[in-house]
*Asks:* 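Input: one structure, supplied below.
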Amino acid sequence: MPLTTEHATLPVFKQLPPHSSRGQQIAHIAEAARQIRIQDLKLVHHAGAGHIGGDFSAIDILATLYGAVLNVSPDTVDDPDRDRFILSKGHVAGAYYTTLAAFGFLPVEELATFLKPLSALNGHPNRNKVKGIEANTGPLGHGLPIAVGLALSAQLDVSRRRTYVLTGDGELQEGSNWEAMMAASQYELDRLTVIVDRNRLQQGATVRQTNDLDPLDAKAAAFGFAVVEVNGHDHGELYDVLSSVPFRPGKPTFVIAHTHKGHPISYMSNNVAWHHRVPSAAEYQQALDELESSPTTTGN
Amino acid sequence: MPLTTEHATLPVFKQLPPHSSRGQQIAHIAEAARQIRIQDLKLVHHAGAGHIGGDFSAIDILATLYGAVLNVSPDTVDDPDRDRFILSKGHVAGAYYTTLAAFGFLPVEELATFLKPLSALNGHPNRNKVKGIEANTGPLGHGLPIAVGLALSAQLDVSRRRTYVLTGDGELQEGSNWEAMMAASQYELDRLTVIVDRNRLQQGATVRQTNDLDPLDAKAAAFGFAVVEVNGHDHGELYDVLSSVPFRPGKPTFVIAHTHKGHPISYMSNNVAWHHRVPSAAEYQQALDELESSPTTTGN
Amino acid sequence: MPATSTQGSIVDRPRFDCRNAYVKALADLAQEDHRIVGVVNDSIGSSKLDAFKKAFPDRLINVGIAEQDMVGVAAGLANGGRIPFVSAASCFLTARALEQIKADIAYSNRNVKLCGMSPGMAYGELGPTHHSIEDIAWLRAIDNMTIIVPASPVETAAAMRWAAATDGPAFIRVSRMSVPEIYPEDYEFVPGKAITVRDGNDVTIISNGTVLWRALAAAEQLAEDGINARVLSMPTVKPLDVDAVIAAAQETAGIITAEEATIAGGLGGAVAETVVKHHPTRVEILGVPEFAPTGSAAFLLDRYGMSPEGIADKARGLARQN
Amino acid sequence: MPATSTQGSIVDRPRFDCRNAYVKALADLAQEDHRIVGVVNDSIGSSKLDAFKKAFPDRLINVGIAEQDMVGVAAGLANGGRIPFVSAASCFLTARALEQIKADIAYSNRNVKLCGMSPGMAYGELGPTHHSIEDIAWLRAIDNMTIIVPASPVETAAAMRWAAATDGPAFIRVSRMSVPEIYPEDYEFVPGKAITVRDGNDVTIISNGTVLWRALAAAEQLAEDGINARVLSMPTVKPLDVDAVIAAAQETAGIITAEEATIAGGLGGAVAETVVKHHPTRVEILGVPEFAPTGSAAFLLDRYGMSPEGIADKARGLARQN
Ligand SMILES: Cc1ncc(C[n+]2csc(CCOP(=O)(O)OP(=O)(O)O)c2C)c(N)n1
Ligand SMILES: Cc1ncc(C[n+]2csc(CCOP(=O)(O)OP(=O)(O)O)c2C)c(N)n1
Ligand SMILES: [Mg+2]
Ligand SMILES: [Mg+2]
């Protein structure tokens, strides 16, 4: 059945008030992540296209950022001092649109136009069509230089706004990222945080089989970053780390978020075939069951 | 006085027979380097253009490679199994042409056409015009990927030919180099040697002031290379290292050659102004005197 | 010679993804000539090269997601005596590695075959970042680059065989959007030559790639109105078949160019530059004028006037004027 | 309004390196508007920005030799409210960062001014890797990009003032090869408008950048033979002044385009695409047809028929034909 507004079932969330407890924050993030996965699954299945593997490996990171970390809301998308988030791995637009809708940047019904002719929601984000998007990404290796420019602009403005950029791990094979990292360190951009969705898979194979990144921590450290590793599906770890950067004054932060492509769906998780496969009716039902029955805890 | 054939005074050298002693090799390299500097100085002064700073920081490396390391001669420029050398820092074409002439790849008189209308010798090397040149370089960050392709071709051919590439240090700010280094390590190209002319200056300032590379050894090691540091003006160190690669089976080699731009000219050495300044008549005479009186030892 | 006239309407023919012909031709060439290698940027699947990888494991070099390195590596492999077929999404191959294409391949005159996969708007809903409508204009501006835009599986394979046998740089667009076969099995690719796939003297339609069959379908519609359109297949955008363009300018009321590429500097631009020099005549350039909105390649081609009806309308306009 | 006719032969005027006007205008703009910043790739000296760096130390961002990062950083600075003037050798800016220009600037619609320094063949003997003859054709193929090729110091500064005051992407070529002044001090740049710098109805020469004064010198020579050439200055290559081109096609025997850029897809291509659509006429496209051999920019322009004599000869040919 083609995608219609009946498939736009996502509840809308708001960030919790500042005084909320860590436990409340984490539960809030977890439920948002679960709902975002359910909605994104519907989009991909009914639209018949998307990058569900990379969507699901990134959703806990996206939910943490928009749910409890980023100082930005639908009312402040034009505030010069808002925090900036750049989705460098632009192919997970489905997860991104769904996250933006979950936090009120985009009407939930509009998700039903995903990939449809003349829709604002095409396969890669377009800032001129959707409120809250900071850059038109899709070609890999573009987000980090843009984020460096944003962090430089904050430094020039003597603003405390933060810049976060999410990249894939295969994406780091692009040299443009290493150009940007060198400059980030040169300019001591400690309010810049690079988050790597370290799912160890790229389009056609594992990163190791293709062009290995290890030792990624040593590479990032040698390029002048403070390196932190987290479980990219553990909302507690993500919340603690992403809300407490920078770790080393004068150094940008490099967060290696260990994830699984397709997480937590049993038949998708860590399976390269799901980079851009579309679930069949049966697969769809199974994934939905798994998500709906899954506890709203850390997503693990 | 404009450049004429009277300024083409370079003697021609040949590699010494294999059984020659290390001392003989080093003396031979040293004299070749001294003569190449004298000739290159004449080219730049009389042509009124060139990159003498980078020329002089690289000449000891070039003389060592062509004088005693590379398995290539004017008679074997088309031999599939010749060693390959790629000058990635193509702006030092003057030093390169002079080196090629010193070892018989190019008639010495032809040096008098340097930068003249319709000359084969323009400001950057053109393989279709000059025998022995392997790639048309000039834009920085092109040589290392080409060298990786060459090393891959040798691996496919199960040939023992070696590939050497010389890059600038500022040049390593180009991300294309890091893409290539990742692949060189992935494919275990241990017959590939990257030599960095580590003079710590780029076009407009020091590398540190511009976009620092340190810790360069840690960067290269994290990208999977075996790293060696040498005095890039010590022919003995250069000869020993460049003739005994690889150091670690399965790993490409990264030679950090510590040099001074403009070496050994007193008023040029380590002075950024000499990236592409042209010596006045007086400066020319002084440089000539310094070179002609300098002992033919290690160039230090 | 073209198979068109004989077999009923072009629109009813079965359609094929040219990538299948591409991978078969590449495997056959690799069988015959050990120098042939593939070079990819994590694009084995999108180039349909999985079988090639199984057959020739060390002869498919995957450099990862690194287009500059991919093209530089190809130049080095060529220096080492190999004949690399670089196989990557055309948008990234041409936009990300353009300086390597200019310096390492064209200016260095290296025997590298650049294969732009899924070009034009093949990626449809993935949007303008993945559309490769600029590739032809970009490469046409570079000296020493043969540019080929095959229109069918047979022509794709023929162009590859020609490129493999001919020393020097070449760029070949390999369509993903399916197209009917237009040529007989024994079709031989001749660089720089147009093919009159349908004869006529009222108006000329010059096209290639995924739009050629649409031009033929337009000609069928025009025939019903008694307008005899000449349809020139122009697989080689550079060097252009100047004589065929001049003849069309002289013998017909005007020229329509139709291509899955930008309206600025592509095949249309090449034809315009030719007619103003040799025989000024009216030319209607059909192509993509903007960063396209969301939609499939077919939807967008129609939007930009490259449905058979859209092309036929333009042709009627030209035919009427004179 | 143009200063030409009044002051004797254009060839006798003093000549200026437009980079000096560029740096002065940039400093003035930075004085007036704190949002203006410079972004460079180790090109402070080659862009003559040393004084700017002294005056505005934190507002000149040098990312090192990294063009992709340079353009991405500019896009981020624009997102942060700054107005970046990216200042880099045109060859590297456009060839190395083309995908960033397409995606991060044009498609994202970022308010970034791309300043292509020492374009065309300004680097002379440094050869084709440093020549930027393709930049205009490359950028013309990209949607949402204004392309400006100023012909004099005054026009360079005027174009910069316009760009700084106008939201959106722009590419400005900044000539190094010295040129005479053609405009009065109070010249105002109007995007998409040609300027008739010399009137005439026999034949039209359309030019810009470093070649415009040569076109004017050609017109002086033609006048001696009683041929009245119209000289159109076309600083904006995109969007093109279609009306001025049509008028030239209608009112004169033919058009010559002359530019320090490739003959495929540049100003000549834009003019050709326009006349074939609206009013077919003969157009002679002068430009650079190859990877140039060793020589200075002036030597090479002459070689390619863009000496005043060379341009005049082509114009005589066209004027005679009709
Ligand atoms: C420059 C560029 N080259 C190739 C692609 C095609 N592509 C899209 S996604 C992808 C794999 C990305 O892998 P990774 O960065 O690890 O992302 P994830 O695993 O999170 O999906 C590739 C090669 C692209 N989008 N951009
Ligand atoms: C892609 C590119 N950007 C900019 C330049 C201009 N350029 C020529 S030499 C140079 C400085 C190079 O510094 P380095 O690599 O350290 O070389 P060296 O110090 O040995 O001369 C620059 C920026 C270039 N040639 N290529
Ligand atoms: Mg991954
Ligand atoms: Mg240096």
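Protein chains get the first letters and strands the later ones, always in sequence-line order, with residue 1 at the start of each. Bear in mind that the values here come from a model prediction, so they are computed numbers and not experimental data.
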*Asks:* Show your working on side-chain contact (heavy atoms from CB on, under 4.5 Å) between A:Ile146 and D:Val73 and close with a plain yes or no.
*Replies:* CA-CA 5 Å; A:Ile146 292 169; D:Val73 161; over 6 Å; no

*Asks:* For A:Ala218, check side-chain contact (heavy atoms from CB on, under 4.5 Å) against everything at least two apart and list the hits.
*Replies:*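 With sequence neighbours excluded, A:Ala218 shows a side-chain contact (heavy atoms from CB on, under 4.5 Å) to A:Pro215, B:Ala222, given in chain and number order.
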
*Asks:* For A:Lys116, look at atom NZ and say whether over 12 heavy atoms of other residues, nucleotides or ligands are found less than 6.0 Å away.
*Replies:*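 Atom NZ in A:Lys116 is packed in, count exceeds 12.
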
*Asks:* Got a sec: does the NZ of A:Lys129 have more than 12 other heavy atoms crowding it under 6.0 Å?
*Replies:* yes

*Asks:* Side chains of D:Tyr107 and A:Asn126 only: does a donor on one sit below 3.5 Å from an acceptor on the other?
*Replies:* yes

*Asks:* How about D:Arg82 and A:Asp157: do any of their side-chain heavy atoms sit closer than 4.5 Å?
*Replies:*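 When only atoms from C-beta onward are counted, A:Asp157 and D:Arg82 do touch, with a gap below 4.5 Å.
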
*Asks:* Within the distance-only criterion (no hydrogens, no angle test), does the side chain of A:Arg84 pair as donor or acceptor with the backbone N or O of D:Asn79 below 3.5 angstrom?
*Replies:* yes

*Asks:* So, do D:Leu77 and A:Leu156 sit near enough that their side-chain heavy atoms are less than 4.5 Å apart?
*Replies:* yes

*Asks:* Do any of residues 167-192 of chain A come closer than 4.5 Å to chain D, heavy atom to heavy atom, and if so which ones, in number order?
*Replies:* A:Ser176, A:Glu179, A:Ala180, A:Ala183, A:Tyr187

*Asks:* Of all of D:Gly81, D:Gly76, D:Pro84, which one pairs up most often with chain A through heavy atoms under 4.5 Å apart?
*Replies:* D:Gly76

*Asks:* Looking only at heavy atoms, which two atoms of A:Ala135 and D:Ser108 are closest? And how far apart?
*Replies:* C-OG, 4.3 Å

*Asks:* Can you tell me how far the CZ atom of D:Arg110 sits from the CG atom of A:Asn128, to the nearest 0.5 Å?
*Replies:*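 Reported value, rounded in 0.5 Å steps: 8.0 Å.
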
*Asks:* Can you name the closest pair of heavy atoms from A:His142 and D:Asp104 and give their distance?
*Replies:* ND1-OD1, 2.6 Å

*Asks:* Applying a criterion of heavy atom separation less than 4.5 Å, what residues of residues 92-103 of chain A form contacts with chain D?
*Replies:*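 Residues qualifying by a heavy atom under 4.5 Å from chain D are absent, so none.
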
*Asks:* What are the residues of residues 62-69 of chain D, in order of number, with any heavy atom under 4.5 angstrom from a heavy atom of chain A?
*Replies:*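 Residues D:Asn62, D:Ala66, D:Glu67, D:Gln68, D:Asp69 are the ones that qualify, each having a heavy atom under 4.5 Å from chain A.
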
*Asks:* How close do A:Arg161 and D:Gly80 get, heavy atom to heavy atom, and via which atoms?
*Replies:*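 Minimum heavy-atom contact is NH2-O, 3.8 Å.
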
*Asks:* Checking heavy atoms, do the side chain of D:Val37, its backbone, both or neither come under 4.5 Å from chain A?
*Replies:*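 Just its side chain gets close to chain A.
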
